[in-house]
Amino acid sequence: MTGQRWMDFAGQAIFHTLVAALVIEALIRLWGVRQPEQRTGFRLLALGWPLLVVPALFLAFPVREAESFRDARAIFAGRHWDDLAFLGVGLYGWWIACMGATGLGLFLLDLVPWMRARSAQSPPWIAAAPEARAAEEALARAAAALGMEAPPLAWVASGPPVLFCTGTRQPMVVISRAAVELLDRDELTGALAHELAHLERHDPTLSWALMGARALMCFNPGVQVLVRAIARDAERIADERAGTACRDRLALASGLLKLYRATGGRVAASGTGRRPLTAALAEPIARARDHDIELRCRALLGEPPAPVPLARMRLAAAAAGLGFLLFFVV
Amino acid sequence: MTASIAMGSTVSEGARALWTLALVLGGAAFALVGLDSMPTWLHGQPRGVRRATSVEEVERRLQSRVLLPSYFPDSLRWPPSLVRFTREDGGSVALDFQGKDGAPALLLAQTLAGAAAIPEGIQGRLAVIQRQSAPLGEDAVLARVVAEDGTLWNQLEWTRSDRRFLLRGRGSLEDLIRMARSIHGERR
């Protein structure tokens, strides 16, 4: 492919994602889609657009790249903005460059801390420990509530409260002594049920797939934002599953809040405020995390959201409508 | 009875959902069309009229040769200061030339396929104060028009080789006719 074609591909991938995401978010709100599973379905449609549909359109319909199509048939052609130039470069080129930089920034914002955390010295995990008895019992209770086999438990004897699931082929739950000491019996069962719900849905594998999608579309800010929204939905799905299975949504909300206060949010963000850019970014990120936890707790305090009827029909209609609309956007 | 009520409710729910979808997609399409027409609007051009950087670019985009005069008076600057085109009715091109003093001096417009009138979007709409036939063919028209700055310009319009041509200039009429003839390879 020539440089111009790559630029057209990048421009369309970014623009199609933005339009698809905006349309999908508008539909989610107007149709009142509240169930996290259904929201994820709609958002995956927007996420799949730049990954599958845009390349398919490029391969199957080369006529869309013709200048006659752009000038006479398209309802929007990004290259028309190249009629306006700044410093000798068309505005469409500037727009792609700015969007690409934003997308890369959003990608690195998550990638760099993740890589730092992986390379940092973490306390060793112990496969079995006598003092992990309470955690093992809670894990067994949570697994029974979810109707699944309990995965192996990895014990962290020192350090801050830690509770997460990991592993794609050999899934396990990692928990620290501090987490067990922090949470009461019901909160611990609820929190472990939440992690088991992630394993039940193969979320660790899904998170790798989403990270791959983000890396592939690192220039696309829409993809970066959509993946974050899907990750939040995954947390909500695990909350709902755990809350329903354990029949104690309040305990799960309480455990969630305790763990958040003890590990993340503003405390962690304020520690990174030495460099100007990091400090400027830390506050809004911390606020967004606070808001996210607040929403999750609020959702757990209420009744489980009812599914919207005719969800598949709506999804298919939205996909068909978007396909028709975006065919004429080049 | 209960089943038919449930069915009716499902149908009305589906219809409402599709109506909402149509509204959202319609709104998106409307916004996209508006966004697409903004560059031409910012340039002060009507919708459908596009700019190009050169005659070669227009020829490439419209896949057709633009016929140019072989006679070009010294009082004009080459290349054209503005190249505009439209795909309307098979495509039309307008080339604006400046005089040596930098002021607008000449417009050459032509259709690329067919002898239909040159769209107003690219030739502009000027007041005609005098019309007469011109020595360029049966349907050739020579007119005096009032330019945007209030000055009087000569305007030649004719059809040849299944194309409609328009030459409008503030220079001498003799130069204009000579340029028109030279487009078709005629010396005088």
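Please read all numbers here as calculations on a predicted model, not as lab measurements. No hydrogens, no waters, no symmetry mates; every other heavy atom, side chains included, goes into these values.
- Heavy atoms closer than 4.5 Å to chain B are found in the side chain of A/V329, but not in its backbone.
- Taking every heavy atom of both residues into account, A/L27 and B/V24 meet most closely at CD2-CG2, 3.9 Å.
- Of the two parts of A/F324, neither the backbone nor the side chain holds a non-hydrogen atom closer than 4.5 Å to a non-hydrogen atom of chain B.
- For the atom pair B/L23 CG and A/L30 CG, the distance stands at 8.5 Å (nearest 0.5 Å).
- In this structure the side chain of A/R314 reaches within 4.5 angstrom of the side chain of B/E13, judged on heavy atoms.
- One distance of note links CZ of A/R73 with CZ of B/R87; it measures 10.0 Å at 0.5 Å rounding.
- The two atoms that bring A/L325 and B/A28 nearest to each other are CD2-CB, 3.9 Å, heavy atoms only.
- Residue A/W31 touches chain B through its side chain alone, counting heavy-atom pairs closer than 4.5 Å.
- No more than 12 heavy-atom neighbours from other residues, nucleotides or ligands sit within 6.0 angstrom of CD on B/Q63.
- Heavy atoms from other residues, nucleotides or ligands lying under 6.0 Å from CD of B/E148 number 12 at most.
- Contact of the A/F15 side chain with the B/L35 side chain is registered, since non-hydrogen atoms from C-beta on lie closer than 4.5 Å.
- Residues from residues 73-83 of chain B never place a non-hydrogen atom less than 4.5 Å from a non-hydrogen atom of chain A.
- Among the residues in residues 15-22 of chain B, those with a non-hydrogen atom closer than 4.5 angstrom to a non-hydrogen atom of chain A are B/A17, B/L18, B/T20, B/L21.
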side-chain contact (heavy atoms from CB on, under 4.5 Å), that's the test. Do B/D36 and A/I75 meet it? Break it down for me.
CA-CA 7 Å; B/D36 187 58; A/I75 59 169; over 6 Å; no

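- The number of heavy atoms from other shown groups lying within 6.0 Å of CZ (B/R131) does not exceed 12.
- Crowding of A/R34 atom CZ: a count of heavy atoms from other residues, nucleotides or ligands under 6.0 Å not exceeding 12.
- Only the side chain of A/V19 has a heavy atom closer than 4.5 Å to any heavy atom of chain B.
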